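Everything below concerns the one structure shown next.
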Amino acid sequence: MLSMFVLAAPVAPEGRVFGLDAQTLIGVGIQLLNGIILAVALGFILYKPVKEFMQRRAEGIQSQMDNAEAMMAKANALVAEYERKIKNIDQERLELLEAVRQKAVEESKVILEEARKEAAALRRRSLERVAEDKKRLQEEARLHIIEVASLMAQKYLAQKIDEATEEQLFAEAIAQLEEAQWPN
Amino acid sequence: MDLSVKNLWVLQIAGVEVWITETIFNTWLIMLFLIGLAVIARIKLRKFKTIPTGFQNVIEAVVEIFDHFASSTLGEKLAYIAPWFFMVFMFILSSSLSSVFGLRAPTADWITTFALAFATFTLMLAMGFKHRKGDYLKSFFSPHPIFFPLNLLGELAKPVSLSFRLFGNMLSGTIILTLYYALTPVFVQIGIPVLLHAFFDVVFGALQTYIFVILSLMYIRGAAE
């Protein structure tokens, strides 16, 4: 294949291993241009895209690791919080019982106060009713005594005095009875 | 196999005679191969997965290893010139390996190695003036202005030494293999050359690629810092 190109060349000078002339400079220039073309091609086609891909992947993995770390920290905080709660549960129970006891005492005081007030009201009402009954009974007794006294006086006078005296005495007695002061 | 670099065509461009040598032609072949490989990788990149396997693994490993190597040698502020050296790395390595397939390695010709070394030299000057500005110029007169000629020679010697180191090493392999094929009987030319090619083309090639790239990176970093 190479010999075909050599034959195809119009005037192909003899080859050499090393030389320092214009052709060397031209050759260096061509190789430099080749290098620049290859660097641009490899850089844009391979190096940068692959590097960017790896960078994106590394960032993605880093972000996932950060998230996992944050979740781990949150979980650890939660575990610590529950452990603390478990440790303090006895104290909390005692505090709760004390609070309930305090509340019960306050409620019992309120209930007792209400009961006392109700009892006082009941007693007052009973005393009022007793006083009313006593007054009523006194009135009834007074009327009954008047009635009995009237009957006794009527019987007595019917035997001892005449009609006119009887009526006078009866009237006086009635008047006296009506004026009499009944003890309470 | 021949020691000399053959001239394949002679072109007349604007009245100037241009020899298209075996080196230039082989360079185009290698460029075609590398660009083809890059295009295949670029097409396959769309299907790349989070967990790499097979071909994706190879491409990622090559890019990642080189990027890490270039970034750690150049430093973060010069990392943007890494793509040029990625090309240099791939090209020199492919050139060395092309000998295995019977091609004359383009790096066994001084025009190739000097072109690459000259690019390094240009980058070195550019980075020096870009990042250090006047200080870089002052460094040529350090520690005393009398040292200017020596410092200048020292800087100019860098691309020359870089180019001749690679050229000499690659050419030595070519010479040894050419001599072996020319001087030994045919029956010894089966099997044994595999070892010689493996040593001179693969091992030496990889080693010289590494040396050329790391020296270039260090020269540039030295100029920029």
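If you're wondering where the values come from, they're calculated on a predicted model, not measured in any experiment.
For chain A, no part of Leu37(B) is nearby; none of its heavy atoms comes within less than 4.5 Å. Heavy-atom distances place both the backbone and the side chain of Thr112(B) under 4.5 Å from chain A.
A distance of 6.0 Å or more separates the ring centres of Phe85(B) and Tyr47(A).
With contacts defined as side-chain heavy-atom distances shorter than 4.5 Å, the pair Thr23(B)/Gln31(A) qualifies. Here the side chains of Arg42(B) and Leu46(A) are not in contact, with every heavy-atom distance at 4.5 Å or above. The shortest side-chain heavy-atom distance between Met31(B) and Ile37(A) falls under the 4.5 Å cut-off. Between Glu17(B) and Gln23(A) there is a side-chain heavy-atom pair separated by less than 4.5 Å.
Counting heavy-atom neighbours within 6.0 Å of Lys77(B) NZ, excluding the residue itself, gives a total above 12. Heavy-atom neighbours of Glu64(B) CD from other residues, nucleotides or ligands within 6.0 Å: at or below the threshold of 12.
Below 4.5 Å, heavy atoms of chain A meet heavy atoms from Phe48(B), Lys49(B), Thr50(B), Pro52(B), Gln56(B), all part of residues 47-57 of chain B.
Counting all heavy atoms, side chain and backbone alike, Val18(B) lies closest to Ile30(A) at CG1-CD1, 3.6 Å.
At a threshold of 4.0 Å, the pair Lys51(A)-Glu60(B) does not count as salt-bridged, since none of the basic side-chain nitrogens sits closer than that to a carboxylate oxygen.
Applying the side chain to side chain donor-acceptor pair (under 3.5 Å) criterion to Ser95(B), with sequence neighbours excluded, gives no partner residue.
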